[in-house]
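For ligands, and for the atoms within them, numbers begin at 1 and follow the listed sequence.
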Amino acid sequence: MDWGMKNRLSKIIKPNDGRCVMLAVDHGYFLGPTERLEIPEKTIRPLLQHADSLMLTRGVLRTSVNPSTDVPMVLRVSGGTSIVGEDLSNETITVSIEDAIKLNASCLALSVFVGSKYEHQTLANLAKLVDEGERYGIPVLAVTAVGKEMVRDARYLGLACRVAAELGAHLIKTYYCRNFEKVVEGCPVPVIIAGGKKLPTEKEVFELTFNALRDGACGVDMGRNIWQSEFPISMIKTIKAMVHENFTVKEAMDLFQKEKKTERDGFIQAIKKAKNTKRI
Ligand code: 5RP
């Protein structure tokens, strides 16, 4: 592996503990203005400093992130479908390698749809992207997207992760499942878990994170369970403590309660300030 590739990977997965907290805000690429991500800049601004990296599309990167940031960007470069279209798996590569370099992407992300109608196309997209990434020293994160007809179990996810790794993906993002350790065991590159739809309670998010790390995940690429929370800053800070400081679920709950109070106080202060400013 060349120096540039290693250097970029070390920005995504922290070399001191081999772990990562990636904040996912790429949902609009097929879902449109997702709840609480309607104005990406507003969602991203308070959370960015707490993330190890940010996963997003070039449209949101250009319009909604201050270029002076030192947080590395994981650029989604697959898409071309939408939730109202015919088949979500019919994805193509949507960003040229030149534009990804211009945008200073630290990693490229692309979805593969194993078992879908467009399996071959999306796997061929991955192989092509890995070739381009290898040419310029940019790692590729393969996202194992799961169609409605597929079961999210260790057999299926293990197969999807392994196929993506065999095609050269440097990192894989997948879903947590029962017997997740089997998925990790059969995958020769680091595995990150997606958060998935917002869970009913914070405790469930912390349990998901704890179990995934215990079973071998190197971190999270989490979106909705952070920014759809009533307390997004407290959420990301707590997830970070779990990933990098091995907090248990109990410790996470305690930290979240503490952070929640600080976040609420800050919010009240901001409202008061805004009211006073209006009076003047
Ligand atoms: C969508 C994605 C998302 O980035 C991924 O699912 C993570 O976000 P969330 O935690 O909200 O599931 O790749 O295809």
(request) Determine yes or no for a side-chain-to-main-chain donor-acceptor pair under 3.5 angstrom, with Asn225 supplying the side chain and Leu199 the backbone. (result) yes
(message) Return the closest protein heavy atom for atom 8 (O) of ligand 1 as residue, atom name and distance.
(response) His27 NE2, 3.1 Å
(request) Consider only side-chain N and O atoms of Glu35 and His27, and report whether a donor and an acceptor are under 3.5 Å apart. (result) no
(message) Considering non-hydrogen atoms of the protein only, which is the closest contact for atom 4 (O) of ligand 1, and what is the distance?
(response) Asp26 OD1, 2.5 Å
(request) Enumerate the atoms of ligand 1 whose separation from the nearest heavy atom of Met222 is less than 4.0 angstrom. (result) 10 (O)
(message) Under the side-chain contact (heavy atoms from CB on, under 4.5 Å) test against Leu208, which residue among Ile239, Leu213, Val249, Ile193 passes?
(response) Ile193
(message) Just verifying a value: how many Å separate Ile236 CD1 and Gln49 CD, rounded to the nearest 0.5 Å?
(response) 9.5 Å
(request) Considering the heavy atoms of Ala24, write down every atom of ligand 1 situated less than 4.0 Å from one of them. (result) 4 (O), 7 (C), 8 (O)
(message) Regarding atom 12 (O) of ligand 1: of the candidates Ala194, Gly196, Ala145, Gly223, which has the closest heavy atom?
(response) Gly196
(request) Go through ligand 1 atom by atom and flag the ones less than 4.0 Å from a non-hydrogen atom of Asp221. (result) 7 (C), 10 (O)
(request) Report yes or no: do Ser111 and Arg76 form a side-chain donor-acceptor pair below 3.5 Å? (result) yes
(message) Given Lys173, Lys197, Arg76, identify the one with the heavy atom nearest to atom 14 (O) of ligand 1.
(response) Arg76
(request) Not counting sequence neighbours, list each pair that qualifies as a ring pair (Phe, Tyr, Trp, His ring centres under 6.0 Å) and has a residue in residues 196-215. (result) Phe206-Phe256
(request) Check ligand 1 against Arg224 and write out every atom of the ligand that is under 4.0 Å from a heavy-atom position of the residue. (result) 9 (P), 10 (O), 11 (O), 12 (O)
